[in-house]
Amino acid sequence: MPIRDTLRKAASLFVEMPPAEKAPAAIATMSDAEFLASLPKTAAASPPNAKTVEQIVRESPGPNLDEIKPQVQEQPANVPVLLENGTLSYSAIYQMAKLPNEPFTAENVIELLAQLPAELPIQAKRATLKITLEAMSKTSGASTEKVIADASRKLAALASYAESYQAQADKFVGLASTEIQKLEEQISERKRSIEEAKTKAQQVASGCKAEADRLDDVLEFFTMDVAPSKFAP
C-alpha cells in the first residue's frame with residue numbers, strides 16, 4: 001500500500017478518548033432531574049467518546065497533516081537523507097518537515113511494544129502503555145494524543161518526501177531517456193556513416209585497381225616481352 005494511502009487510512013481511524021472528568025456535585029443540592037442526569041448511562045445509550053486521528057492532530061500543537069510537505073529540493077546539502085550505506089535518515093525528513101519534538105515518540109512506543117511478550121493480548125498491551133504514559137505525563141507531558149499526532153505527522157512527512165523524491169526521479173529519468181534516445185540516434189547515424197565510408201573506400205579501391213590494371217596494360221604493351229611483363233613468353 002502506498003504511504004499516502006496508509007496515511008489516509010490512519011487519519012480516518014477512531015481513537016477512544018477518556019471521558020472528561022467532572023467534579024461531583026453535592027447530592028443534597030441536586031434537583032431530581034439533575035440527580036437522574038448524573039447517574040451512569042448504559043453503554044448502549046452512550047456511544048464511546050472518540051475522535052479521528054486527523055482530529056487529534058488538528059488539536060495537538062504542531063502542523064496539520066495537509067501542511068506537512070517536505071520537498072527534496074528543500075533538503076540542506078549538509079543533511080543527507082539517503083546515506084552512503086543505502087539507509088535513510090528519517091530524522092532528516094522530520095527535520096525538514098519541522099515536526100515538533102515529543103517527550104515520548106511513536107518510535108518509543110514501537111520499542112516498548114517490542115519488549116512485551118508477543119502472546120500478551122492487545123488489551124493488556126494497551127493497558128501497559130497507558131500506565132507508562134500516565135506515569136510520564138506527570139513529568140514530561142507525554143500523552144496518547146501526542147504519540148498519535150507524532151506518528152501521524154511522521155507518516156505525512158514520509159509520504160510527502162517519498163512523492164517528492166519520486167517526482168524528481170521521474171523527471172530525471174524522462175530527461176535522461178530523451179538524451180539517451182538522441183545519443184542512440186546519433187550513434188546509429190555514425191554507424192551508417194562508418195558503413196558508408198567503408199563501402200566508398202572499397203569502391204574507390206576497386207575502381208582505382210581496375211583503372212591501374214588498364215594503364216599497366218598500355219605500359220606493358222610498349223615494353224619488351226620479358227618478365228615481369230604479362231606479355232612475356
Do you reckon Phe14 sits in the same ILVMFWY cluster as Val147, going by side-chain contacts under 4.5 Å, direct or chained?
no
Run the side-chain contact (heavy atoms from CB on, under 4.5 Å) check on Leu82 and Tyr165 step by step: do they pass?
CA-CA 11 Å; Leu82 185 59; Tyr165 201 98; 4.2 Å; yes
Under a 4.5 Å side-chain heavy-atom rule over Ile, Leu, Val, Met, Phe, Trp and Tyr, are Val109 and Ile56 clustered together?
no
In terms of heavy-atom contacts, Ala11 and Leu65 come closest through CB-CD1, 3.9 Å
The complete set of side chain to side chain donor-acceptor pair (under 3.5 Å) pairs with one or both residues in residues 177-191, sequence neighbours excluded, reads Glu189-Arg192
So, taking the atom named CD in Gln202 and the one named NZ in Lys200, what distance separates them when rounded to the nearest 0.5 Å?
13.0 Å
Short question: side chain of Thr6, backbone of Pro2 - any donor-acceptor pair under 3.5 Å?
yes
Should Val72 and Val79 be regarded as members of a common hydrophobic cluster, given that ILVMFWY residues are connected when their side-chain heavy atoms come within less than 4.5 Å of each other, either directly or indirectly?
no
Would you say CD of Gln73 has more than 12 non-hydrogen atoms from neighbouring residues, nucleotides or ligands within 6.0 angstrom?
yes
Might you work through the side-chain contact (heavy atoms from CB on, under 4.5 Å) test for Ser143 and Lys146, ending with a clear yes or no?
CA-CA 5 Å; Ser143 67; Lys146 289 183 178 180; 3.3 Å; yes
Please find the pair of heavy atoms, one from Lys125 and one from Pro117, that lie closest to each other, and give the distance.
CE-O, 3.5 Å
Under a 3.5 Å cutoff, is there a donor and acceptor pairing between the side chains of Gln75 and Tyr161?
yes
Are any side-chain N or O atoms of Arg153 and backbone N or O atoms of Pro63, one a donor and one an acceptor, separated by less than 3.5 Å?
yes
Say whether Phe172 and Leu175 are linked into one hydrophobic cluster, either directly or through other cluster members, by side-chain heavy-atom distances under 4.5 angstrom.
no
Contacts of Arg4 meeting side-chain contact (heavy atoms from CB on, under 4.5 Å) (sequence neighbours excluded), chain-then-number -> Leu7, Arg8, Ala159, Ser160, Glu163
Which pairs count as salt bridge (Lys or Arg N to Asp or Glu O under 4.0 Å) when at least one residue sits in residues 59-80, sequence neighbours excluded?
Lys51-Glu59
Grab the two heavy atoms, one from Ala162 and one from Ile3, that are nearest each other, plus how far apart they are.
CB-CD1, 4.2 Å
Charged N-O contact under 4.0 Å between Asp5 and Lys9:
no
Tell me if a side-chain donor or acceptor on Ser206 pairs with a main-chain N or O of Gln203 at a distance below 3.5 Å.
no
Heavy atoms only: give me the nearest Val53-Ser152 pair and the separation to one decimal.
CG1-OG, 2.8 Å
Ion pair present between Asp150 and Lys154, side-chain N to carboxylate O less than 4.0 angstrom?
yes
Are Leu133 and Val15 grouped together when hydrophobic residues (ILVMFWY) are joined by side-chain heavy atoms under 4.5 angstrom apart?
no
When rounded to the nearest 0.5 angstrom, what is the spacing between OG1 in Thr144 and CG in Leu129?
6.5 Å
Closest heavy-atom pair, Ala149 versus Val57, reported as atoms and distance to 0.1 Å, is CA-CG2, 3.9 Å
Partners passing side-chain hydrogen bond (donor to acceptor under 3.5 Å, both in side chains) against Lys171 (at least two apart in sequence or in another chain):
none
Quick one, Cys208 with Val204, criterion side-chain contact (heavy atoms from CB on, under 4.5 Å). Give me CA distance, side-chain angles, the key distance, then yes/no.
CA-CA 6 Å; Cys208 288; Val204 168; 3.9 Å; yes
In terms of heavy-atom contacts, Ser60 and Glu145 come closest through OG-O, 4.2 Å
Sorted by first residue and then second, give each side chain to side chain donor-acceptor pair (under 3.5 Å) pair with at least one member in residues 108-121; sequence neighbours left out.
Thr105-Asn108
Answer yes or no: does atom CD1 of Ile122 have more than 12 heavy-atom neighbours from other residues, nucleotides or ligands under 6.0 Å?
no
Please determine whether side-chain contact (heavy atoms from CB on, under 4.5 Å) holds for the pair Thr52 and Leu13, giving the CA-CA distance in whole Å, both sets of side-chain angles, and the decisive distance to 0.1 Å.
CA-CA 5 Å; Thr52 64; Leu13 295 177; over 6 Å; no
Could you give the side-chain donor-acceptor pairs of residues 90-100 under 3.5 Å, partners two or more places apart or in another chain?
residue	atom	partner	partner atom	Å
Ser91	OG	Ser89	OG	3.2

